[in-house]
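For clarity, every value in this text was computed on a predicted model and none was experimentally measured. Labels below follow one simple rule: chain letters A, B, ... track the order of the sequence lines, proteins then strands, and each chain is numbered from 1.
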Amino acid sequence: MSETNSAAEVAAPHRYTATMAADIEARWQDFWDENGTYEAPNPSGDMAGDPSVADRSKKFIMDMFPYPSGAGLHVGHPLGYIATDVFARFQRMTGHNVLHTLGFDAFGLPAEQYAVQTGTHPRVSTEANIVNMKAQLRRLGLGHDKRRSFATIDPEYYKWTQWIFLQIFNSWYDDDAKSARPIAELVAQFESGERAVPADENGTTRAWSELSPADRAEVLGQYRLAYASDAPVNWCPGLGTVLANEEVTADGRSERGNFPVFKSKLRQWNMRITAYADRLIDDLDGLDWPEAIKLQQRNWIGRSEGARVDFPVDGERITVFTTRPDTLFGATYMVLAPEHPLVEKLTPSAWPEGTHDVWTGGHATPAEAVAAYRKQAASKSDVERQAEAKDKTGVFIGAYATNPVNGQQVPVFVADYVLMGYGTGAIMAVPAGDQRDFEFARAFELPIHCIVEPTDGRGTDTSTWEDAFASYDAKIINSSNDEVSLDGLSVADAKARITEWMAQRGVGEGTVNFRLRDWLFSRQRYWGEPFPIVYDEDGVAHSLPESMLPLELPEVEDYSPRTFDPDDADTSPETPLSRNEDWVNVQLDLGDGVKSYRRETNTMPNWAGSCWYELRYLDPHNDEKLVDPEIEQYWMGPREGQPTGGVDLYVGGAEHAVLHLLYARFWSKVLFDLGHISSAEPFHKLFNQGMIQAYVYRDSRGFPVPAAEVEERDGKYFFEGEPVKRELGKMGKSLKNAVTPDEICAEYGADTLRLYEMAMGPLDVSRPWDTRAVVGQFRLLQRLWRNVVDESTGSVSVSEDAPDEDSLRALHKAIDGVRQDLEGMRFNTAIAKITELNNHLTKSGGAVSRSVAEQLVLLIAPLAPHVGEELWRKLGHDTSVVHEDFPVADPAYVVDEAVTCVVQIKGKVKARLEVSPSISDEELEKVALGDERVVAALDGAGIRKVIVRAPKLVNIVPA
RNA sequence: GCCGGGUUGGUGGAAUCGGUAUACACACGGUCCUCAAAAGACCGCGCUUCACGGCAUGCGGGUUCGAGUCCCGCACCCGGCACCA
């Protein structure tokens, strides 16, 4: 304990000090735990409670749950937790049954890498970290229902993660019903012939009954919502695992670790999230989310409307996707992605007569040219491909396709500016209307046909153009054949007409294309949920029955991942679980006798556990069901104002915009379709809190120096006498600027920390931490304490007399404002209003009236719960303040007795008048025009106009 | 390049509907208490001017009786996407 406090204690033994705060806080935290103060009753089951509370309207208030990292918390981490806690407390005091708790997302790369670094088993280190983090969080006085907390690594929890995986594995998406359905219903359709069995690789079709079990599994794999497939995936040798697209940065590196990522063809598990692309976009409309996040999801899913068009070539056909079918008449060549499967089939043995030299790349035959180009393209990493994006490269494959709208022969190229992963991996090139096609056409001396009339005066002679004319706001020209003409039409009308024509002729159709890819769901890690999948001797995947769940992670000698030289693409992943032959090879009876099986040795990605955890908070001990339907309906069900249902408030960082938030929405929709839950959306309202930033001080070499030891002199900064540079950055150990909640709690107490974090500014904006400024909120609590408690005796000092008129007005204005601010999550201004009221009471001198003091304590209780409880108790109440009613303002006292009216001349304030709030416009105008300062300022000038907004404003416009 | 968000005192920020710009807090300066210091209490605090006043919400225009707020243009900062057909 610091000297300052001990000295102060002598002067005023009952002053609110850090020592006293520590004592009060520890006492109330124990009280809350012992009395289950924050336990929210369910309507039924093992957590059923007081029915009068369970009948209240519910509020489910949630944080994005943390990774229990070994580094512990700094003051930035609990910002959101404090905000949801304040909001939850306010909702509890306004008549709601509030579910508020916190679990731990403990599987995944960070936990495992920490475990690898420290040499201990991930479970041991993770559980120790959870214990540590729980202690740090408990110190903050968060009102969590602790019965509902869990970690994703608990076998009782991941049993249900595995169960959901099997639900997804054992279902398919029915495009007609726009819903997931059990896979057995698809099998029934194949058996009855209601649905045709798709043709195999060789194009032959057989009846379901003629297929072998392996063939059937292959067919079903094309439909299952979770499926294994051989496809190019993101392979990261540096991490030793494959990654989802969402985990790879724009420059082709891993989001974690920043290692290069390569495309490699591997058999991996995927989730068919693309089946839900439409619903994932459409349902955003009903959500109360920041528009920026909705936009990011829409962009990530990337819905584009356009058309598929077939270009015949040598008995085959190239199908392209285009968003601009209106420009088909301007298609002068085609491009296939280097990996496109038709490239080999279409490449002839020799160059056609008269092939342009620049098209051949100097090769003797098309096959040679194509092979060389493909090899060169494949060796490029994504990073190189990005860097060279400006230079258009490619090679002619020696074949011509027919443009279906005008019969023209157009050359077919391969070029890496067309990506196999988007659309059909093939494009029609319209150089007049697309900048990329324009650059390629110029490089390869291809014709450029003007099919949109330029509106910028450049004219229709494309040989003079410097770039493509890509406007949507122009008329189509030079676009007609014997049956259809687009000339003179707008882009939109031309699209509609040509799409209709193509559909009639059977050469193309309108379609919607998505940027979203299926979600790569397997990782080569130890520290994740094992897949509840085994393979029989034919390699057919079987799901384990529910009775065999959870499939627990085996204890292994070596759980560390096999990593490789980060730049070595010629490596392939090795799963830690595959090293354990005893576990991998099993004898099981899956319904047709005991047989030998091999277990799947991949594990699920760290996102799996966070895809459904909101549901487990509802019914955390249910061993029979994912969640009891009645309980789920109560907390998550759709209702007025929230037709899709979901969590009432979800607070977390914006970095999860397209990862966790997209995956969790997808799982919710599958579980909803299959009838397990009543809400198709997990999170109705989302709020992104800003970051707490911190100053980083760097020495002359650029290394961070300990921020706490930097001295400021005349706006310059020095460390050990040497000048250092200050910049604003993140808070963290490596930047030597971390401030822990523990040290702030020790110095001032948790209530001060809570108030400071909430008072710093609006919750959604980032702002710098300033330890020096924390004392301001400590002083607020000290003054509040002094307004209620005698510092020398410790007894309550409030007066039993009725409050004076002034204090009543100050109180009710504060109540009115604080209520609205807390409802709107404007915690900073709520604190300002409480401070104002408290300052008013301090300044008016004499004892504060009991009724005012009590309401003030109730106002601050959600923000500073320990002081709230302690003062409430001192004021003679024997109940917890947590469930008291939040004060309600009396409108009679919210209005001032007299208000200040400003008198402006041409918008400039010239005089202020004290007037009655009920003054009429006419009366006010008269008073204003008679005021001597106004008369003086007008200086005899006539009056042209007077605007009166009683009672606040008069504006005079002189002639 | 495209999309989204931002720029208010020395500092964090307030002004929710176009109507008193700078609430609340930090820092700073002063006074009281004290042998002294700390803590605490009280006062001051956008810039400029002796003062009357004038000027200030990134910059330049506009609409309006009146603009931090609405419109047009520009600069800078932060975030997202990016050869997506």
Side-chain angles (χ1 to χ4, degrees), chain A residues 2-12 15 17 250-251 290-296 298-300 302 304 306 320-324 327 335 385-386 388-392 415-419 421-430 433-437 439-440 513-515 654-655 657-658 712 715 728 755-756 759-762 764-777 779-780 782-783 786 791 820-821 824 826 828-836 839 842-843 899-909 912 944-947 949 952-958:
Chain A
S2 66
E3 281 178 49
T4 55
N5 280 320
S6 49
E9 278 152 32
V10 175
R15 174 169 291 173
T17 60
D251 56 352
E291 279 307 316
I293 301 288
K294 288 191 187 183
L295 196 68
Q296 274 186 57
R298 286 195 190 100
N299 289 343
W300 187 263
S304 338
V320 302
F321 172 76
T322 176
T323 55
R324 296 292 304 271
T327 63
V335 184
R385 215 163 144 156
Q386 294 278 313
E388 295 164 13
K390 288 149 257 156
D391 309 322
K392 292 288 174 290
D416 65 1
Y417 82 92
V418 172
L419 310 172
Y422 184 78
T424 60
I427 62 157
M428 65 172 201
V430 184
D434 182 286
Q435 185 58 26
R436 295 154 302 179
D437 296 346
E439 286 164 16
F440 191 88
N513 191 59
F514 294 94
R515 202 191 82 111
E655 69 273 17
V658 290
E712 183 187 348
L728 200 54
L755 281 171
Y756 175 67
M760 286 170 83
D764 56 348
V765 175
S766 295
R767 61 233 114 122
W769 177 265
D770 181 7
T771 297
R772 283 189 313 179
V774 177
V775 70
Q777 301 307 320
R779 287 179 190 146
L780 165 64
Q782 236 171 19
R783 284 180 205 139
R786 197 178 297 122
E791 285 191 337
Q820 289 179 42
D821 284 347
R826 294 180 296 272
N828 54 332
T829 51
I831 291 169
K833 281 161 190 159
I834 291 171
T835 308
E836 240 173 321
N839 287 350
T842 303
K843 278 177 192 166
V899 296
T900 306
C901 172
V902 288
V903 184
Q904 301 175 330
I905 292 174
K906 282 185 80 177
K908 298 230 179 273
V909 180
R912 290 184 168 84
R944 199 173 73 189
K945 195 172 172 185
V946 182
I947 292 106
R949 295 281 180 276
K952 304 278 281 186
L953 177 126
V954 177
N955 190 14
I956 300 160
V957 189

Worksheet entry | Enclosure of A/Lys952 NZ (heavy-atom neighbours >12, cutoff 6.0 Å) | no
Closest to the side chain of A/Thr322, out of B/rA85, B/rC81, B/rU20, is B/rA85
**Message:** Under 4.0 Å, heavy atoms only, any strand: does A/Ala292 hit a base, just the sugar-phosphate, or nothing?
**Reply:** sugar-phosphate
May I ask you to verify whether the side chain of A/Arg949 and the base of B/rG19 hold a donor-acceptor pair under 3.5 Å?
yes
With 3.5 Å as the limit, what N/O pairs link the protein to nucleotides 43-46 of chain B?
none

Checking B/rC24, B/rA82, B/rC65 against the side chain of A/Glu836 (C-beta onward), the nearest is B/rC24
To the nearest 0.5 Å, atom OG1 of A/Thr829 lies from atom CD of A/Glu836 at 11.0 Å
Closest heavy-atom pair, A/Asn828 versus A/Ala759, reported as atoms and distance to 0.1 Å, is CB-O, 3.8 Å
inquiry  = Using a heavy-atom cut-off of 4.0 Å across all strands, would you classify A/Ala832 as base, sugar-phosphate, or nothing?
reply    = base
Is the shortest side-chain N/O distance from A/Asn839 to OP1 or OP2 of B/rA23 below 4.0 Å? no
Out of B/rC24, B/rA39, B/rA85, minimum distance to the side chain of A/Phe321 belongs to B/rA85
Testing B/rC42, B/rA14, B/rA85 for proximity to the side chain of A/Thr829, the answer is B/rA14
Taking B/rU20, B/rC55, B/rC3 as options, the one with an atom nearest any side-chain atom of A/Leu295 is B/rC3
Query raised in the report: Counting just side-chain N and O atoms, does A/Lys945 come under 4.0 Å of either OP1 or OP2 of B/rC65?
Result: yes
Taking B/rU20, B/rA85, B/rG13 as options, the one with an atom nearest any side-chain atom of A/Gln904 is B/rU20
Practice prompt. Name the orientation class of the two ring planes belonging to A/Trp769 and A/Tyr756 (parallel below 30°, tilted from 30 to 60°, perpendicular beyond 60°).
Written response: perpendicular
